[in-house]
Amino acid sequence: MMMMGDTFGTIGSSMASLFFIWATVQQIFPNHLKIAIKEFLLSSFQQLCFAQRVSDYFTNLFSPYVDINFPEIDEYRLNHAFSAIETYLESKATDKSKHLKGSQLKENKGLVLKRDEVKIRDEYKGANVWWEIVTASDEERSYKLTFHHRARSLITDSYVPYVVEEGKLIKAKKQQTRLFTNNPSSQWILSHNMWRSIEFEHPASFETLAMEQEKKEEIMSDLTAFTNGKDYYKKIGKAWKRGYLLYGPPGTGKSTMISAMANFLNYNIYDLELTAIKNNSELRKLLTSTSSKSIVVIEDIDCSVDLTANRTKKERNSIEQDKDESSVTLSGLLNFIDGIWSACGQERIVVFTTNHLEKLDPALIRRGRMDMHIELSYCTYEAFKILAKNYLDLDDHPLFKNIKSLLKEIEISPADVAENLMTRNHIIDVDESLNNLIKALEEKKNSQRSQHDEDKKKSNKFRLFG
Ligand SMILES: Nc1ncnc2c1ncn2[C@@H]1O[C@H](COP(=O)(O)OP(=O)(O)OP(=O)(O)O)[C@@H](O)[C@H]1O
Ligand SMILES: [Mg+2]
């Protein structure tokens, strides 16, 4: 198969030879002969070019191979297929490759070895293909895919879409997750000023989350089903989104669970601070600018804005309120979650957290809107064992029995348990940590007992005078 580069190569070397002959001629021959030789050389060169073109034409005509080019830039725009192909080819096994490239782009990340070859062979359903990165004279790069014409429909209909889709998936998996926080609207100048973001590097995972194993598995399989549910959501005609309501006392792991979810799914987090937004239209702008594969979080939804209180009054005034749109309203928030926003985005998770489930407006948490209600509770023995493993590398200990019976009676958050297990100077002293925890649990028990006695006295008094 004759390639463009080869053609130029052949013509180039022929030209060099002609120039060499001409330089020699100029030094040796008299003027009248020079003119004749020059004409002869010129016509030879023209014939050579013509012969070369004819030979290329026939070679290509009879070549059994087909090429497809994927330029990096097409019509002044980035060609997404190019970057997907690049990612796909980079992911191909490096163990057979003879030319590798090593790079460490971040100090805290390991060294990465990649293939460093211009031509890569791939195989798809028995067909061989060759990828080549071609750089044109204007520095524009493109990927050239070459394959036998017999495999044409397999490659064009099936292989190319597969490579592009696979490349995108690998890219999404490798992508560093980011944590976005909304800027106050007074700082918005262009749409990209609405959110500021930093790299999200929270170490939380479902493995280290102190929670009953069964509950954890249920949440993880729900999340997995959601991410794999593209076709399912399409089939049932529902927007591809899912709502989780995390509720429970302070320090029980609601925020930690959001981080674990983001790490599990490799999704970005949009931490939506409702108090920094003036009205529903700002809320709409913010939500419509979030990307897919993301978790939109509204923490402490009960205190974020006045979404719940005076609902009856609000309902009465709803017409006026919608008119001036002077604040973020419950109906505004629900409209975006249910309607416009869901329709314009894909693969989004919404998470609300609260310490007070009972304070929330039923409209906000009804099923269908918040698909899964997850209670994060005070520390159970099972949860304690996970924390002991995380903090002390400990599976069992004679003091565990004591802790187990105390945890049955005492309400203590995993955050407080973790605080007691944490060692000073990061040197693990199992006995000291466990004894600290037992001391804290006993103190709590005593204070809960005296509180209980106090409450009892008060209610007796009330009964006496009541
Ligand atoms: N279930 C848990 N598993 C592991 N660690 C936990 C858990 N709960 C709390 N912690 C520890 O306690 C700290 C505080 O927890 P976190 O911020 O997740 O609680 P929260 O429920 O969001 O509290 P708040 O209601 O006050 O926002 C975490 O950084 C983590 O170290
Ligand atoms: Mg929290």
Side-chain angles (χ1 to χ4, degrees), residues 177 179-182 200-220 222-223 243-265 267 269-276 295-305 307-308 349-360 364-365 370 372-395 400 403-404 407 410-424 426 428 433-434 436-437 440-441 444:
T177 49
L179 170 66
F180 292 83
T181 328
N182 52 312
F200 178 72
E201 299 211 40
H202 199 292
S205 68
F206 276 101
E207 201 185 357
T208 56
L209 195 70
M211 191 183 213
E212 283 68 37
Q213 191 58 27
E214 205 180 306
K215 219 161 150 186
K216 267 200 252 187
E217 275 168 18
E218 192 191 340
I219 300 165
M220 282 192 281
D222 194 86
L223 290 169
Y244 296 89
L245 174 75
L246 311 185
Y247 67 96
T252 49
K254 297 178 291 300
S255 305
T256 311
M257 173 169 286
I258 296 169
S259 302
M261 281 175 160
N263 285 333
F264 182 67
L265 299 170
Y267 278 16
I269 296 182
Y270 286 88
D271 189 3
L272 182 59
E273 181 56 59
L274 284 183
T275 47
I295 305 180
V296 176
V297 179
I298 305 180
E299 288 253 35
D300 300 316
I301 184 85
D302 50 305
C303 357
S304 280
V305 270
L307 289 176
T308 51
I349 284 177
V350 191
V351 179
F352 290 160
T353 75
T354 181
N355 294 139
H356 304 282
L357 186 64
E358 70 288 350
K359 279 197 200 165
L360 295 187
L364 193 64
I365 57 171
M370 287 293 115
M372 204 173 181
H373 294 189
I374 303 168
E375 182 178 11
L376 281 294
S377 58
Y378 286 119
C379 196
T380 59
Y381 179 61
E382 199 179 329
F384 156 74
K385 281 187 78 173
I386 294 168
L387 291 173
K389 180 86 189 148
N390 294 347
Y391 286 81
L392 307 173
D393 268 336
L394 200 61
D395 289 311
F400 275 18
I403 293 170
K404 188 177 181 179
L407 283 176
I410 311 297
E411 286 182 339
I412 186 168
S413 67
D416 284 342
V417 173
E419 191 69 25
N420 283 291
L421 296 184
M422 212 141 106
T423 47
R424 262 172 268 126
H426 309 291
I428 295 178
S433 293
L434 294 180
N436 279 347
L437 176 62
L441 284 167
K444 245 183 184 301

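Read the numbers this way: they start at 1 and go in the same order the structure lists the ligands and their atoms.
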- prompt: To the nearest 0.5 Å, what is the distance between CG (L441) and CG (L434)?
  reply: 10.5 Å
Taking atom 27 (O) of ligand 1 as the reference point, the nearest protein heavy atom with its distance: S255 OG, 4.0 Å
- request: Could you check if a side-chain atom of T256 sits within less than 4.5 angstrom of a side-chain atom of M211, using non-hydrogen atoms only?
  value: no
query: Which is closest to atom 20 (P) of ligand 1 by heavy-atom distance: M211, K254, H202?
result: K254
message: Set out, in order, the CA-CA distance, both residues' side-chain angles and the distance that settles side-chain hydrogen bond (donor to acceptor under 3.5 Å, both in side chains) for T380 and E212, then state yes or no.
response: CA-CA 8 Å; T380 59; E212 283 68 37; 2.7 Å; yes
query: Which of the atoms of ligand 1 are close to T208, meaning less than 4.0 Å from one of its heavy atoms?
result: 4 (C)
field: Option set L209, I386, N355, L387, criterion heavy-atom distance to atom 5 (N) of ligand 1, minimum
entry: L387
task: List the closest protein heavy-atom neighbour of atom 28 (C) of ligand 1: residue, atom name, distance to the nearest 0.1 Å.
output: T256 OG1, 3.6 Å
- prompt: Who's closest to atom 7 (C) of ligand 1 heavy-atom-wise, of C379, A415, P414?
  reply: P414
field: atom 2 (C) of ligand 1 [closest protein heavy-atom partner, distance rounded to 0.1 Å]
entry: A210 N, 3.6 Å
- prompt: Got an N, O or S from T256 under 2.8 Å of the Mg ion (ligand 2)?
  reply: no
Contact partition for Y391 relative to ligand 1, non-hydrogen atoms under 4.0 Å: side chain
message: So, regarding G248 and ligand 1 (criterion: nitrogen or oxygen to nitrogen or oxygen, under 3.5 Å), is there a contact or not?
response: no
- request: Note the single closest protein heavy atom to atom 23 (O) of ligand 1, along with its residue, its atom name and the distance in Å.
  value: G251 N, 2.9 Å
field: Where ligand 1 meets P250 - atom numbers and elements under 4.0 angstrom, heavy-atom basis
entry: 23 (O), 24 (P), 25 (O), 26 (O)
field: I428 and L394, any side-chain heavy atoms less than 4.5 Å apart
entry: no
message: Does atom CD (E375) have a neighbourhood of more than 12 heavy atoms from anything else shown, all under 6.0 Å?
response: yes
query: Parallel under 30°, tilted from 30 to 60°, perpendicular over 60°: which one fits the rings of F180 and Y270?
result: parallel
message: Checking side-chain contact (heavy atoms from CB on, under 4.5 Å) between Y244 and each of T353, I349, V350, which is the one that passes?
response: I349
task: Can you measure from CD1 (I295) to CG (D271) and round to the nearest 0.5 angstrom?
output: 11.0 Å
